Structures are given as C-alpha cells and as structure tokens.
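Because the structure is a prediction, the values reported are computed rather than measured. Throughout, numbering of the chain's residues begins at 1 and tracks the sequence.
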Amino acid sequence: MPLPLIRLAISATTGTAHHGVLLDSEPLTACATHSPDLAPIAPDTAHSLCQSCTRARLILTTPPHPGGEPETRPAAGTGKGAAAHLPIPGHLMGYCGKSLDSRRSMARRVCANCTSLRAALDRFRQRAGQLLLPDADPCHGDDTLLWTAKGRVNLVTGHRRNSVTGHAYCERHLAGPNPGAPNECAPCRRHYREAQAGRHAHTLPHMQTHAAGWAQRALDVFDAPACSLRSGDAYTLSGCSQTHFVVAMTDRAGESHTDVLLYLPAAERVTDVRVRRDRLVTIQRPRPGAVPNPPAS
C-alpha cells in the first residue's frame, strides 16, 4: 500500500518541518534527517520548512518541462568550466538550491551537494517504496484563498492577498495561507470586490482582444525562469496545457515567488498566480515593432 508523503517535526507547533513518511511507525525523511522524536504534524502550521525537503518535494511532484531537459545545467552566471548541477524538473534550480542557467552543462564535475541530495532521495524512495504524493503546486491562483496576518496570530479572521503589493487588501503584512478561517476581514472583502469589478469591466475585455490576435503576432519563443516574464508576454509550463497571458507581474528581490496577474482564455477569467521565480517556463514575447501577420484566408 502506498505511503502518503506527510510533514514531520519534533514539536507540533514550532521548529523545522520535514517531508517524509512513517515506515512501520519509524519516521523517515526525504533529506535523511534522523530523530526518533519526529512525528506527523498538520499541513498548515507555523513551522519553518527544511529547504532540502522542500526541494525534494519539488523533485517528486513537478512534471518535467515539455521541451525536454538536460541531465545537468551550469549555475547561473558561471563559465564553461564550472561544476554541473542536477536540475529539479520544471525549474531552473539545482538539487542544491542554486539558480541555474537554461543551457546544458558540458562539465564532468557534478556539484557535491546536488549529488548528496540525489543519493538521500534515492535511499528514501528505496526504503519507502511506492509513495502517495501530494499534488504539485497549483498552476492557477485560488481567488477564494484567505491568508493569515503577521504578528499576533489570529486564525479566526482571514485576509485577501493583493498580488500587486504582496500584502493584504487592508494593507496588513501576511504570514501565509489560512484556508480554514471562518471569517473574512471586512476591509479586504470590500477592496477585493472593487478590484474584481474593475477587472471584469476593463481588464477582461482588453485581454480577450489581445489574445484573439495572438496567432497573427511575430513572436520570440524561448525558455527562461518565471522571474523573466513581462507584461504582454504569454507562457506555458509543465503540468498545464493552457497558455497564460501576462497582464501584469511583480517580482520582488529576495522573495522566492513572482506574483503574476493572468488572463486564461479557456476559463475566460483574470486571476492571480504566485509562481516560483525559478520555475522554468516557455515564454512567447511579441517582437518590438513587428507588424502582425495577416490572418489566414
């Protein structure tokens, strides 16, 4: 019977959380951390996450890039002689956590940290056997998701996140998702509804026209990390068959995710997305000054 991948920690409320399984009541982590005191914890807690386990979860759950991926890539900004790194599927990030270049590495020397995590993950899969894995990170944002404010934790009241600012619509700083909140912040609800009304009245018709003429545009198509996206681009990524049209995006230095406002033609809606900065995407970008191709007769 497949074992579910769960969160494990020594304390039920604080400390570092790991991804792993319970194998005959023995805790087994993806990063090879050993402690008999590790026990299952709830999915939404205030724990900090083990970075090696976070990368291991991405390795296990992310579909590979549709255009194919090389076995190794060099670190971003390095030369030909630099060590090769093992890329996480669908990301320009190595097993070791370094940002990677989109080109193939020709080096024979492989990063020791990448090799170490691969060996730990191989041992984990060999001992755990077949795994019941969680879904990969969602491609499209959940417009109904509520968040917890930073500071004094109030799990009763949830806030709406404004992707443009990264804060709540009421301007409070946010700590993380709070899907179980029974109440919603009233100022957030009011400002969110105003924003949604503006999107339906103005943004949606504009993007429908923009997407309708996309096939006639002269485009540059290339692979790049999601932090390279610009307003006016379209992109695809592994795990989703839709083309995503970028209305606006905000990329903040020091953060792990890029906030993107998208138009999705298949769903006829404008929505917010938080995508990892190092997520590998295929970008379609209109060429500057190019005249659209005439429609086929």
From CA spacing to verdict: side chain to side chain contact (heavy atoms under 4.5 Å, CB included), Ile10, Leu38:
CA-CA 5 Å; Ile10 294 174; Leu38 288 168; 3.9 Å; yes
Stepwise side chain to side chain contact (heavy atoms under 4.5 Å, CB included) test for Thr258 and Arg279
CA-CA 10 Å; Thr258 294; Arg279 189 70 158 93; over 6 Å; no
Give the C-alpha distance, both sets of side-chain angles, the deciding distance and a yes or no for side chain to side chain contact (heavy atoms under 4.5 Å, CB included) between Leu58 and Met93.
CA-CA 10 Å; Leu58 289 176; Met93 178 170 63; 3.8 Å; yes
Audit row: Arg160, Leu146, side chain to side chain contact (heavy atoms under 4.5 Å, CB included) steps and yes/no:
CA-CA 5 Å; Arg160 297 278 186 175; Leu146 297 177; 4.0 Å; yes
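In terms of modelled atom types and a separation under 3.5 Å, the side chain of Glu69 and the main chain of Gly90 share a donor-acceptor contact. With His91 contributing its side chain and Pro87 its backbone, the two residues share no donor-acceptor pair below 3.5 Å. A donor-acceptor pair is defined here as one N or O able to donate and one able to accept, closer than 3.5 Å; no such pair exists between the side chain of Arg109 and the backbone of Ala82. Side-chain atoms of Asp24 do not come within 3.5 Å of backbone N or O of Glu26 as any donor-acceptor pair. Between the Arg230 side chain and the Val246 main chain, no donor and acceptor come within less than 3.5 Å of each other. The backbone N or O of Thr14 sits less than 3.5 Å from a side-chain atom of His47, completing a donor-acceptor pair. For Thr250 (side chain) and Asp259 (main-chain N/O), no donor-acceptor pair under 3.5 Å exists by modelled atom type. The closest donor-acceptor contact from the side chain of Ser231 to the backbone of Val247 lies under 3.5 Å.
Pairing each heavy atom of Pro177 with each of Leu145, the nearest pair is CB-CD2, 4.2 Å. What you find for His85 and Cys111 is that their closest heavy atoms are ND1-CB, 3.4 Å. Considering all non-hydrogen atoms of both residues, Ser105 and Ala84 come closest at OG-CB, 3.3 Å. Among all heavy-atom pairs drawn from Gly232 and Pro286, the shortest one is O-CD, 3.8 Å. Heavy-atom minimum distance, Thr16 versus Cys50: CG2-N, 3.7 Å. What you find for Pro89 and Pro64 is that their closest heavy atoms are CB-CA, 4.2 Å.
Ring orientation note: the planes of Tyr263 and Phe245 are tilted relative to one another, at an angle of 30° to 60°. By the 30° and 60° cut-offs, the orientation of the rings of His173 relative to His167 is tilted.
Listed by chain and residue number, Asp122 satisfy the salt bridge (Lys or Arg N to Asp or Glu O under 4.0 Å) test with Arg125 (two or more places apart in sequence, or in another chain).
We find that Arg199 and Asp272 are joined by a salt bridge, their nearest charged nitrogen and carboxylate oxygen being less than 4.0 Å apart. A salt bridge does not link Arg277 to Glu255: none of the charged nitrogens lies less than 4.0 Å from a carboxylate oxygen. Using a cutoff of 4.0 Å between basic side-chain nitrogens and carboxylate oxygens, Asp101 and Arg73 are not scored as salt-bridged. Using a 4.0 Å cut-off between a side-chain N of Lys or Arg and a carboxylate O of Asp or Glu, Arg287 and Asp220 qualify as a salt bridge.
Within 6.0 Å of CZ in Arg104 there are 12 or fewer heavy atoms belonging to other residues, nucleotides or ligands. Surrounding CD of Gln126 are at most 12 heavy atoms belonging to other residues, nucleotides or ligands under 6.0 Å away. Crowding of Arg190 atom CZ: a count of heavy atoms from other residues, nucleotides or ligands under 6.0 Å exceeding 12.
A donor-acceptor pair shorter than 3.5 Å cannot be found between the side chains of Asp278 and Ser99.
Paired with Arg217 under the rule side-chain contact (heavy atoms from CB on, under 4.5 Å), one option of His210, Arg285, Gln284 passes, and it is His210.
Criterion: ILVMFWY side-chain heavy atoms under 4.5 Å apart, direct or through other members. Under it, Leu132 and Ile59 are not part of a common hydrophobic cluster. Hydrophobic cluster membership differs between Met106 and Leu100, with clusters built from Ile, Leu, Val, Met, Phe, Trp and Tyr side chains linked at under 4.5 angstrom. Under the 4.5 Å side-chain heavy-atom criterion for grouping Ile, Leu, Val, Met, Phe, Trp and Tyr, Phe124 is not connected to Leu22 through any hydrophobic cluster. Cluster membership check: Leu131 shares its hydrophobic cluster with Leu23, using side-chain heavy-atom separations under 4.5 Å among Ile, Leu, Val, Met, Phe, Trp and Tyr.
A cation-pi arrangement is not found for Arg118 relative to Tyr95, the charged atom failing to lie both closer than 6.0 Å to the ring centre and inside a 45° cone about the ring normal.
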